[in-house]
Amino acid sequence: MESAEIRRRWLSFFEERGHIVVPSASLIADDPTLLLVPAGMVPFKPYFLGEVAPPAPRATSVQKCVRTPDIEEVGKTTRHGTFFQMCGNFSFGDYFKEGAIKLAWELLTSSQADGGYGLDPDRLWITVYELDDEAERIWRDVIGVPTERIQRLGMADNYWSMGVPGPCGPCSEINYDRGPEFGVEGGPAVNDERYVEIWNLVFMQYERGAGESKDDFPILGELPSKNIDTGLGLERLAMILQGVRNMYETDTLRVVIDKATELTGVRYGANEDTDVALRVVADHMRTSVMLIGDGVTPGNEGRGYVLRRIMRRAIRNMRILGSDGPVVGELVDVVLKTMGQQYPELLTDRKRVETVALAEEAAFLKTLKAGTNILDTAVTETKASGGKVLPGDKAFLLHDTWGFPIDLTLEMAAEQGLTVDQEGFRTLMEEQRERAKADARAKKTGHADVSAYREVADAAGATEFTGYTHTDGEATLVGLLVNGVSSPAAHEGDEVEVVLDRTPFYAEGGGQRADTGRIKLDSGAVVKVRDVQQPVPGVSVHKGVVQVGEVTVGSGAYCHIDVGRRRAIARAHSATHLTHQALRDALGPTAAQAGSENSPGRFRFDFGSPTAVPGTVLNDVEQKINEVLGRELDVHAEVMSMDEAKKQGAIAEFGEKYGDRVRVVTIGDFSKELCGGTHVHNTAQLGLVKLLGESSIGSGVRRVEALVGTDAYNFLAREHTVVAQLTELIKGRPEELPEKISGMLSKLKDAEKEIERFRAEKVLQAAGGLAEGARDIRGVALASGRVPDGTSADDLRKLVLDVRHRIPGDRPAVVALFTVVKDRPLTVIATNEAARERGLKAGDLVRTAAKTLGGGGGGKPDVAQGGGQDPAAIDEALAAVERLVAESA
Ligand code: SER
């Protein structure tokens, strides 16, 4: 069963049982105690704690999660992944232990034809918290799990909390026995590789306090109600239902492994070391894509660091496997293809995800080789001097100059038997952080050394900005840098930075993007300007390329900015002010600005809000903004004293520093804000503002993105076309679409079920012929063969049991059928009692058959299942089974 189908079944099972379906929240947790979402219950925490009333008493979700504490284990064990999807069902004071246990059992064990996962109940083992008699009683007496398959464990295993103060409670885990080839018997208490935990049911009823370890923290009291929080690992269940040995070989990760083998030429399965590296690549690339998809960008702190570390580990492992060019593009592409089925926003956001990932790879590859040499040299030196600890300054150099995350240095040093002086590293990091703060403005220019600009500034003074009133005008070229170095002249093709005495070009600032355009010199030379920054306050640096002619310092110039672009930016900027005010009106002063970006025709606006802004509020805000446009309010700017601005009630931007004289932009009677940007003259020029929705970008900070003017119109026109196409297809009015489509989806679901039933019937019709065709092998009736490709494991099992049933019971009988699903062979073998008395056990037969097929399998003496890699070996496997049957006589 494919991962997407596991997810679909999960959600519809719980939806049919009265749970509201909640979409996965962003991986960026809306919770100050967390960097990233580690569990499905995180978005529901306020409901458990009684801080917020839940929207419904029952909910279900499939939540994206990232956990990195076990990153070193990835690829080495069968089931550690940094990204995984947690399927959950939640009850807020509604059903409790018995309800949760019954639901879990029903979904896991009901047949796949009935919408369940069809797990064999005899393979399920249960653990409960050692003091939880009630849970044990329910499993034993209500569900009927034999006592020997219920184990009691202590707090470290069976008491769940987020590791920090918050909701908690005893839990009960459901584990799946993968069979003897995965290790010794004894249940999950002794062997968690063979008995894999698949589902954790947490009986969330207490609130815990601070404490370091899993089993040592105070219980502060009871939660307002008794709740249920469960989590089933989608990847783990996929591993079982797809009959693969580890989670990296499940459908959505296997394709990444395959791509990595294609790129490196290393065969998966060749040896354990390269297999581990391939699995690390698959896991880490998927995690990277999911993190970037949710808005994380690589960096040296917090979430950005988690992403950088994971991506760089993946890239390094590709190197170890032998790749030497860029690989991230193709790996990202397969991840997007497979994960995009479940998370379509990844596909709409493809360009951004690719750009971020490729930039990180380019940055790392530039320095990886040189950095590795530095590290190797440092390791050799340390060893030569008899040391075992790599000095902190070397780790710092690797981090600072060569972009090696400290964990990468730790790992690479450990591979060569050394530790690292982390204390020394951290001190140097702290010092550097201080310096970085001072340099932050300078860095924007791309050249950390601002002395060149400062010289120009000292010589020529600040640049006069004429752009509030003009879009072109004369100027004199007072400073010139070629490739970051001060030069008297530049020539065609040179990358230059130009400083003028006056300019209509707006330098990026206050959230407004820079103008672009052209500077024509008196000599006829032309500089095409693509960006303008102020590395030194007051000095505008025009960055661009000399298109024709020679540019010399001191010459006269004429500037033209791209007027269309400037107007579109001005519309966006005025719209930002309107949005800011409208949000404050709706949400109160907490909706203060926390950042913004005004680009041509679009803007984003970040603001404070402890919770998500409901869709209805956002609609009202949008409506209000558009009403203001229609009121044709004049926009004007005025320079005044800070005191006067305050007196007039102007709002100031977050984090900005202002002098005594400030510029105040007023939009009619609606908004008054301190701002250095360029604006429209009248709100009517905006035409239309369309908010595209809001999202969380960090704890307590939300973001709205919006389109303005023709960009907004084009967006709505596109949506209108889609709706028109849908109404045409569906032959209904636009407002009927949601109802009609949901009706169609549910019909489709029913039809799929029906097809499933017909297919199963068709398979079973073959049973009569197979039973009649049974051959006599030294007194044993052997019905064996290959049935059509694509027969599911469930159907194959049904067919085998049906054929066995049709062979008269007094005659020893073995039924062994094979099929191929997705290029992989699958077998189910059953024996009747008479055959078992002759020593023919289904489990043994499957093991032999599966081994021939290049895989594994197992089961009970009467029926067993297995699979492998090589469909061409089916004939050989059939012969092997026949041999065993013959030998039994
Ligand atoms: N919160 C529990 C876990 O993460 C169950 O969802 O395991």
Side-chain angles (χ1 to χ4, degrees), residues 6-7 10-11 13-14 19 21-25 27 29-31 33-49 54 58-70 79-92 94-97 99-101 103-105 107-108 125-129 132 135 153-176 188 192 195-208 214-215 217 219 223 225-237 239 247:
I6 295 178
R7 177 175 187 268
W10 179 276
L11 294 175
F13 176 87
F14 285 105
H19 295 64
V21 175
V22 179
S24 172
L27 280 166
D30 194 8
D31 181 330
T33 63
L34 299 169
L35 216 49
L36 293 162
V37 170
M41 52 71 71
V42 169
F44 303 105
K45 191 172 130 187
Y47 309 146
F48 290 131
L49 290 173
R58 299 174 175 204
T60 182
S61 68
V62 176
Q63 172 67 43
K64 300 177 266 190
C65 299
V66 167
R67 285 187 195 172
T68 51
D70 292 328
R79 54 185 205 287
H80 279 101
T82 53
F83 171 86
F84 58 95
Q85 297 160 91
M86 193 176 272
C87 304
N89 59 293
F90 307 91
S91 147
F92 314 110
D94 191 48
Y95 59 82
F96 196 49
K97 284 186 196 181
I101 289 174
L103 284 168
W105 191 257
L107 175 55
L108 285 182
W125 287 64
I126 308 298
T127 61
V128 296
Y129 176 51
D132 195 351
L153 291 173
M155 217 165 164
D157 291 297
N158 277 67
Y159 206 96
W160 200 87
S161 76
M162 292 166 72
V164 291
C168 68
C171 61
S172 176
E173 294 176 352
I174 307 174
N175 308 269
Y176 183 82
D192 58 3
Y195 302 88
V196 188
E197 177 208 332
I198 48 176
W199 197 342
N200 186 11
L201 313 180
V202 184
F203 311 125
M204 198 80 105
Q205 63 197 106
Y206 303 109
E207 186 169 356
R208 63 161 277 186
K214 274 185 160 182
D215 51 2
F217 46 80
I219 301 296
L223 293 174
S225 54
K226 289 184 175 178
N227 309 303
I228 287 295
D229 152 34
T230 89
L232 168 135
L234 194 156
E235 283 74 8
R236 293 189 182 184
L237 186 60
M239 165 171 100
M247 65 167 273

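Start at 1 and go down the list; that is how both ligands and their atoms are numbered. Keep in mind the model is a prediction, meaning the values are calculated, not measured.
Taking the six-membered ring where the residue is Trp, W199 and F14 present perpendicular rings, their angle passing 60° and hence far from 30°. Ring geometry, F92 versus F90: the interplanar angle falls under 30°, so the pair is classed parallel (tilted spans 30 to 60°).
Here R236 pairs with R79, V196, E197, I198 under the side-chain contact (heavy atoms from CB on, under 4.5 Å) rule; sequence neighbours left out.
Contact annotation: the side chain of Y206 approaches that of P170 to within less than 4.5 Å [non-hydrogen atoms, C-beta and beyond]. In this structure the side chain of F203 reaches within 4.5 angstrom of the side chain of D132, judged on heavy atoms.
In this model, no donor atom of one side chain and acceptor atom of the other lie less than 3.5 Å apart for S91 and N89.
Ordered by chain and residue number, the residues placing a heavy atom less than 4.0 Å from ligand 1 are A39, M41, R67, M86, W160, N200, V202, D229, T230, G231.
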